[in-house]
Amino acid sequence: MPLAERKRRQEAWMTRTVQLTLFATAREAVGASRLERAVPSTGVRLDTLLESIAEEHPRLRPILRNARVARNGEYVVGKRLRVRPGDEIAIHPPYSGG
Amino acid sequence: MPLAERKRRQEAWMTRTVQLTLFATAREAVGASRLERAVPSTGVRLDTLLESIAEEHPRLRPILRNARVARNGEYVVGKRLRVRPGDEIAIHPPYSGG
Amino acid sequence: MRSPSTRRTAGGEPISSEVTDRPITLSQVARRLEDSGSGAVVLFVGRVRPEVQAGRRLTGLDYEADRRMALARLSDLERQARRRFGTRRIHVVHRIGRLRVGTASVIIGVAAAHRSMAFEAARFLIEELKREVPIWKTDRWARGPTGRRRRTRRRPRGARSPG
Amino acid sequence: MRSPSTRRTAGGEPISSEVTDRPITLSQVARRLEDSGSGAVVLFVGRVRPEVQAGRRLTGLDYEADRRMALARLSDLERQARRRFGTRRIHVVHRIGRLRVGTASVIIGVAAAHRSMAFEAARFLIEELKREVPIWKTDRWARGPTGRRRRTRRRPRGARSPG
């Protein structure tokens, strides 16, 4: 892990936050490419976290239904897993590269 | 038609010859890439001409069975057509380019 | 992106693909395929195609990527292609950032012993790249609002930029 | 071969293909495909593959062509490919003469609006070229007699040089 990333995660852990990175339509719906959310040190369920963000940003809701979600660079299967301080969540709308 | 070719044909017509060009296995079977044969000004049937060449060069016979034949740059369909002085015949064994 | 031969995935596998904000060229990809044992090389270049829609002219596409995951997925795809088609060399470069019409967005190169392997692997790589690699494009039009390019049913797949 | 844009078939159609005894390069073909309306370019390079058979090493291939007819057939194939696949640019170069292992013998380039057209046309062109264009190769081995390369049943089609 690069030093910068390690440092960022350490800070996030100390401030008890999760970083969300939003791409493409998700970024446009929220108006930002990054969001930070404080979470308890015991963590929070991923679906709960995403639901609270969708409530603040209703345009994100339909996008989330078709998006893949990754935690720390790995796709998440099911959204019931727990997210802890220092985790990095990425929201991937359908890809359109090439 | 390039000048050189026009000239060659004119000469062939005057000497009443047909030029045969042999490629690949046909060339190897005959040991030459060109043959010249005198033909009457009324012409000769292509199959008769090829048969007389195959008699001189027996190794050519099986190759002719699988070869395409062209007259003046156009494939010959059936070998009964007449070849006249000045014509250019090409013997094409199966292709292997690429 | 500078020294691709030393980059590795989390699992330690070398990554040969690149996601870069610099221009990409055929020769940069062809160089990576040099291999005297390969009888066939297939190269694919995807470029931003001009388009006019409702009187508006497409001026370009903005590409973005989840770079770390894109490299990991590309490296997965390379591995899959090698296994399925028995290829000898693969190199994929994808450009991101603001690309004008006519600009190359992706170049895929495959070297293999035989041509069918090289053709099939190159086709596999571009199709899977479009489906499985976290890269996105957004339309930029000369006038009026911008419209995101989705994998949409409004247009046939691969309509504007087949790359 | 020097000014291909002015060469024409007997029917007056421009011939863009080349049969040449000089080295052929990717960039010479890519240049001929420049076209801002094409979203996809596919290039195929066929090269002489190394081979060892019964202890003998292949050192190269000798290519010969019925040049006039080869150009006419290539130009037919280009026309067919344009019609069948709707491509925008096609350029084919085939080298003849004595080619060492590792040397490019044929390069096919296709530019089209969409990638499927370009892939399919490139594949069509190389398959048809091998079947329909009067060009022949002969093996050259390091020791022992030479053996002509036939479209033979002894080896799978396209065994050594897929180009």
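All figures in this text were calculated on a predicted structure; none of them were measured in a lab. In what follows, chains are A, B, ... by sequence order, proteins preceding strands, each numbered from 1.
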Candidate pair B:Tyr95 and D:Arg73, rule side chain to side chain contact (heavy atoms under 4.5 Å, CB included), full reasoning:
CA-CA 12 Å; B:Tyr95 306 142; D:Arg73 300 298 284 146; 5.9 Å; no
Residues two or more places apart in sequence or in another chain: which of them pass ring pair (Phe, Tyr, Trp, His ring centres under 6.0 Å) with B:His57?
none
Heavy-atom cut-off 4.5 Å, strictly under: side chain, backbone, both or neither for D:Ala70 against chain B?
neither
What verdict does the side chain to side chain contact (heavy atoms under 4.5 Å, CB included) test give for B:Glu74 and D:Met69, after you've listed the backbone C-alpha separation in whole Å, the side-chain angles of each residue and the deciding distance to 0.1 Å?
CA-CA 8 Å; B:Glu74 302 284 346; D:Met69 286 191 69; over 6 Å; no
Take atom CZ in D:Arg100; do more than 12 heavy atoms of anything else shown fall under 6.0 Å from it?
no
Identify the two heavy atoms, one from B:Arg68 and one from D:Glu132, that lie closest to each other, and give their separation to 0.1 Å.
NH1-OE1, 3.0 Å
Roughly how far, to the nearest 0.5 Å, is the CG atom of D:Asp66 from the CD1 atom of B:Ile91?
11.0 Å
Side chain D:Glu64, main chain B:Phe23, donor-acceptor under 3.5 Å
no
Spell out, as yes or no, whether a donor-acceptor pair under 3.5 Å connects the side chain of D:His94 to the backbone of B:Gly98.
yes
Is there side-chain contact between D:Tyr63 and B:Ser96, with at least one heavy-atom pair below 4.5 Å?
no
Exam field: side chain D:Trp136 to backbone B:His92, donor-acceptor pair closer than 3.5 Å
no
Hey, is B:Glu88 close enough to D:Arg68 for a salt bridge, meaning N to O under 4.0 Å?
no
Heavy-atom count check: over 12 atoms from other residues, nucleotides or ligands less than 6.0 Å from B:Arg80 CZ?
no
